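Notes follow the structure.
Treat the numbers as computed from the prediction; the structure is a model and nothing was measured. Proteins get letters first, then strands, A, B, ... in listed order; numbering begins at 1 in each.
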Number of protein chains: 2
Amino acid sequence: MFFAYTVGMHARHARGTRCRRRVGAGRWAVRARVERFVEPAILLLLRERTLHGYELIDLLPELTGGERIDVGNLYRTLRALEDDGIVTSEWSASLPGPAKRTYELTGEGRRLLDLWAEALRESQSIVASFLKRHDERR
Amino acid sequence: MFFAYTVGMHARHARGTRCRRRVGAGRWAVRARVERFVEPAILLLLRERTLHGYELIDLLPELTGGERIDVGNLYRTLRALEDDGIVTSEWSASLPGPAKRTYELTGEGRRLLDLWAEALRESQSIVASFLKRHDERR
DNA sequence: CGCAACATATGTTTTTTGCATATACTGTCG
DNA sequence: CGACAGTATATGCAAAAAACATATGTTGCG
């Protein structure tokens, strides 16, 4: 079956599936990303204001360096966050357009965001010292 | 069956299996790591001198912030790197103790390391701007 | 009406990481 | 000498994370 409109297509623009992939004879493409980075990214956006899933899809690239998140996994992540008490959601019938689920950060979510920030700072210092060591003797 | 000596035990010291895990009521532990970070770490160590697997196990924590890598996966990674022409290995019967496979970085491996460094720098700037935004309005 | 855009969701596969187990050699201490 | 700790490499399998594919319904507009 053919779909004129496929959300998944948004997420595809010259990415590969792997972290490192061959792009020619002896040529590689590498990308370095933080594991599960979407989670803190979602939390940060939600701390600023309540949002629904589709808005997050548009806003997340601001934080991920332009990379679009997989839509299916976003909604799954949101529901997981809700199960864990990190966000709450509400169907907002009021807004125009199709039904939207609006997400809000809880107090626990705010604390989790701060933990993520701490962890990211540690990661920054680990990577920084890697880069320092890399640049030392070239 | 019980094993007095299990290499895997080295790798266990109060880690969880997940990136984020619950450690109490409303309490979480988070760790932020770069995907596949062991790879550049191995390459950096091998650029400095040739090493065998077991030495890498001891040296890698220097670069990963103390975290010990899973031994089984280390050897698998090394073989994958060799398949990709990034390292070469040699059985060194000369050295005392059990047979050791000594790994050396190839020219391609050196180039890949530089690509990793570039990618890590990009990741640093993404995370840095996340943290900036996080710290702005508290 | 037909179609594009909006919105949420599930199913499946691949990649990456974690954990358990297997095997073998070497040095040493009792 | 022999049990045992330490060194060294390896495979099998499970779980977590990410990518990819598909499904479904609403709304607005030409």
Side-chain angles (χ1 to χ4, degrees), chain A residues 1-21 31-39 41 51-58 60 64 67-80 82 89-103, chain B residues 1-21 31-39 51-58 60 64 67-80 82 89-93 95-103:
Chain A
M1 205 175 191
F2 178 78
F3 288 90
Y5 168 69
T6 305
V7 180
M9 294 184 81
H10 283 294
R12 262 193 318 274
H13 63 115
R15 292 186 303 156
T17 175
R18 286 190 202 73
C19 206
R20 165 164 66 86
R21 68 188 202 280
R31 74 183 153 180
R33 292 174 309 174
V34 172
E35 264 178 56
R36 261 164 91 93
F37 187 65
V38 266
E39 183 171 304
L51 293 165
H52 56 263
Y54 211 79
E55 285 180 308
L56 280 166
I57 291 161
D58 282 335
L60 280 168
T64 59
E67 192 153 356
R68 279 188 163 273
I69 187 196
D70 179 78
V71 194
N73 290 338
L74 173 70
Y75 288 109
R76 253 188 289 248
T77 301
L78 285 170
R79 239 123 16 81
E82 188 164 19
S89 77
E90 213 179 317
W91 286 100
S92 31
S94 56
L95 298 162
K100 290 174 244 303
R101 216 172 184 177
T102 302
Y103 289 90
Chain B
M1 207 177 189
F2 179 76
F3 289 89
Y5 167 68
T6 304
V7 178
M9 294 185 80
H10 283 294
R12 264 197 314 275
H13 62 112
R15 291 187 304 155
T17 174
R18 287 190 203 73
C19 208
R20 164 167 66 85
R21 67 188 203 281
R31 75 184 154 181
R33 293 174 311 174
V34 173
E35 265 178 55
R36 260 163 91 93
F37 188 67
V38 266
E39 184 173 301
L51 294 164
H52 55 264
Y54 211 79
E55 284 180 307
L56 279 166
I57 292 161
D58 281 336
L60 280 169
T64 58
E67 191 154 353
R68 284 191 159 270
I69 188 199
D70 179 79
V71 195
N73 290 335
L74 173 71
Y75 288 109
R76 252 189 290 248
T77 301
L78 286 169
R79 240 126 13 81
E82 188 164 20
S89 78
E90 215 179 318
W91 285 101
S92 34
L95 299 162
K100 289 175 246 302
R101 216 171 183 177
T102 302
Y103 288 91

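- When rounded to the nearest whole Å, the span between CG of A/Asp58 and C1' of C/dT8 equals 14 Å.
- The separation between A/Leu56 atom CG and C/dC6 atom C1' is 15 Å, rounded to whole Å.
- Rounding to whole angstrom units, CZ of residue B/Arg101 and P of C/dA24 are separated by 17 Å.
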Between the protein and nucleotides 13-17 of chain C, which nitrogen or oxygen pairs come in under 3.5 angstrom?
| from | atom 1 | to | atom 2 | distance (Å) |
| --- | --- | --- | --- | --- |
| C/dT15 | OP1 | A/Arg18 | NH2 | 2.9 |
| C/dT16 | OP1 | A/Cys19 | N | 3.1 |
| C/dT16 | OP2 | B/Arg36 | NH1 | 3.2 |
| C/dT17 | OP1 | B/Arg36 | N | 2.6 |

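- Taking a cutoff of 4.0 Å between a charged side-chain nitrogen and a carboxylate oxygen, B/Lys100 and B/Glu55 do not qualify as a salt bridge.
- Side-chain N/O atoms of A/Tyr75 include none lying less than 4.0 angstrom from OP1 or OP2 on C/dA9.
- Rounded to whole angstrom, the span from the OH atom of B/Tyr54 across to the P atom of D/dT7 amounts to 5 Å.
- Between A/Leu74 atom CG and C/dA7 atom P the separation is 13 Å, expressed in whole Å.
- One N or O on the side chain of B/Arg31 and one on the backbone of B/Arg18 form a donor-acceptor pair closer than 3.5 Å.
- A straight line from CZ of B/Arg68 to C1' of D/dT7 spans 13 Å, rounded to a whole angstrom.
- Contact check, B/His52 against D/dT9: no side-chain N or O comes under 4.0 Å of OP1 or OP2.
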Practice problem: Starting at the 5' end of DNA chain D, write a dot or bracket for each base, bracketing those in Watson-Crick or G-U wobble pairs whose two distances are under 3.5 Å and using | for partners on another strand. | Solution: ||||||||||||||||||||||||||||||
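- Among the protein residues, B/Gly53 comes within range of the sugar-phosphate backbone only, with heavy atoms under 4.0 Å from sugar or phosphate atoms but none that close to a base.
- A donor-acceptor pair under 3.5 Å is formed between the side chain of B/Glu82 and the backbone N or O of B/Ser89.
- Close to C/dT8, at under 4.0 Å from its OP1 or OP2, lies no side-chain N or O of A/Arg79.
- With sequence neighbours left out, A/Arg36 forms a side-chain hydrogen bond (donor to acceptor under 3.5 Å, both in side chains) with A/Glu39.
- Remark: P of D/dT9 and CG of B/Asp70 are 15 Å apart, rounded to the nearest angstrom.
- Closest non-hydrogen pair, B/Thr102 versus B/His52, comes out as CA-CB, 4.1 Å.
- Residue B/Tyr54 comes nearest to B/Tyr75 through the heavy atom pair N-OH, 3.5 Å, listed as atom of the first residue, atom of the second, then distance.
- To the nearest 0.5 Å, the span separating CD1 on A/Ile69 from CG on A/Leu74 amounts to 4.5 Å.
- One atom, NZ of B/Lys100, and another, C1' of C/dG27, lie 12 Å apart when rounded to the nearest Å.
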